[in-house]
Amino acid sequence: MLFLSFLLLSNSIFCAQLYRIEGRITPSEKFPVLETFGQSSRVFLDNGVLSGLIQQNGRFIIHDVPSGNFTLKVVTDRYKFPLLRADVGLDSKRKVIIHSMRLGTPLEASGPEVAYPLRISPVEQIEYFDKREGFNIMSILSNPMMLMSMVSLALVFIAPKMLSNLGKTIIRTSLSFLKDEETLKEVQETQSTMNSFLSGSQMQEGPSFSERLATMMAEK
């Protein structure tokens, strides 16, 4: 009985129906002429669970695909392709049904149906190098080093004029200050007061300690 169950189970496994997904990479209005596909160009199901090689004429076949839902992705070294969803063996009338998808959306959130057998066209070319920008005067003027040089050059010519004008202003202010009679009188009074204070302090000063000591010794 156990042996019979094992035979039935193995028979059901081996008799499970497998399918294939086929299609072709075709040119488009954006890319009317496609470059040769390399050996690394493949069509993947679920990021590599199953895959099929893209031939030189653009045709591909993925064999031995079980029933289920899969993401289908075309990978080449020159072009980018739209992401697709493949429903395999889930419809009694049609073995393979393809829907469009958006990157980052769940598998259930598929887009409109795509004709089968597949005809997939590239949507964008892969750029490995940045395009060289043309000459732009604004990029030079916005350079920090260029701005510092321009400011330094401006200071060389403007600073002497600013200093000369500042010196003239100080002189004029000083002369106007001295011409003011009241201010001049106050300055003179302050100066005389300081002179009398200094002279009075000198007169009040007595003999030094050494002189006093010498006088005391002479008296003895």
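Predicted model, so just to flag it, every value in this text is computed and none were measured.
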Quick one: are [X] and [Y] in side-chain contact, heavy atoms under 4.5 Å?
X: Lys80; Y: Ile126; value: yes
X: Val33; Y: Pro27; value: no
X: Tyr116; Y: Glu22; value: yes
X: Pro117; Y: Arg119; value: yes
X: Pro66; Y: Val88; value: no

Does [X] share a hydrophobic cluster with [Y], counting links as ILVMFWY side-chain heavy atoms below 4.5 Å and allowing steps through other members?
X: Leu83; Y: Leu72; answer: no
X: Tyr19; Y: Leu53; answer: no
X: Met101; Y: Leu50; answer: no
X: Phe81; Y: Leu84; answer: yes
X: Ile25; Y: Leu45; answer: yes

Minimal non-hydrogen separation, [X] against [Y], with atom names:
X: Pro82; Y: Ser121; value: CD-O, 3.6 Å
X: Ile62; Y: Gly52; value: CG1-N, 3.8 Å
X: Val114; Y: Ser100; value: CG2-N, 3.9 Å

Do NZ/NE/NH1/NH2 and the carboxylate oxygens of Glu113 and Arg85 come within less than 4.0 Å? no
Return the [atom1] to [atom2] distance between [X] and [Y], rounded to the nearest 0.5 Å.
X: Arg24; Y: Ile61; atom1: CZ; atom2: CD1; answer: 10.0 Å
X: Glu124; Y: Lys30; atom1: CD; atom2: NZ; answer: 6.0 Å
X: Met150; Y: Met145; atom1: CE; atom2: CE; answer: 13.5 Å

Is there a side-chain contact (heavy atoms from CB on, under 4.5 Å) between Phe60 and Leu118? Walk through the geometry before answering. CA-CA 10 Å; Phe60 63 88; Leu118 280 172; 4.1 Å; yes
Testing Val96, Ile97, Ile98 one by one against Asp87 for a side chain to side chain contact (heavy atoms under 4.5 Å, CB included), which residue passes? Ile97
For the backbone of Phe37 and the side chain of Ser41, can you confirm whether one donor and one acceptor N or O come within less than 3.5 Å of each other? no
Return yes if some donor-acceptor pair links the side-chain N/O of His99 with the main-chain N/O of Gly111 below 3.5 Å, else return no. yes
Holding to ring pair (Phe, Tyr, Trp, His ring centres under 6.0 Å), I want the full list of residues that pass it with Phe31, two or more places apart in sequence or in another chain. Tyr79
For Asn47, look at atom CG and say whether over 12 heavy atoms of other residues, nucleotides or ligands are found less than 6.0 Å away. no
Applied to residues 65-78, the side chain to side chain donor-acceptor pair (under 3.5 Å) test, sequence neighbours excluded, yields Glu35-Arg78, Asp46-Thr71
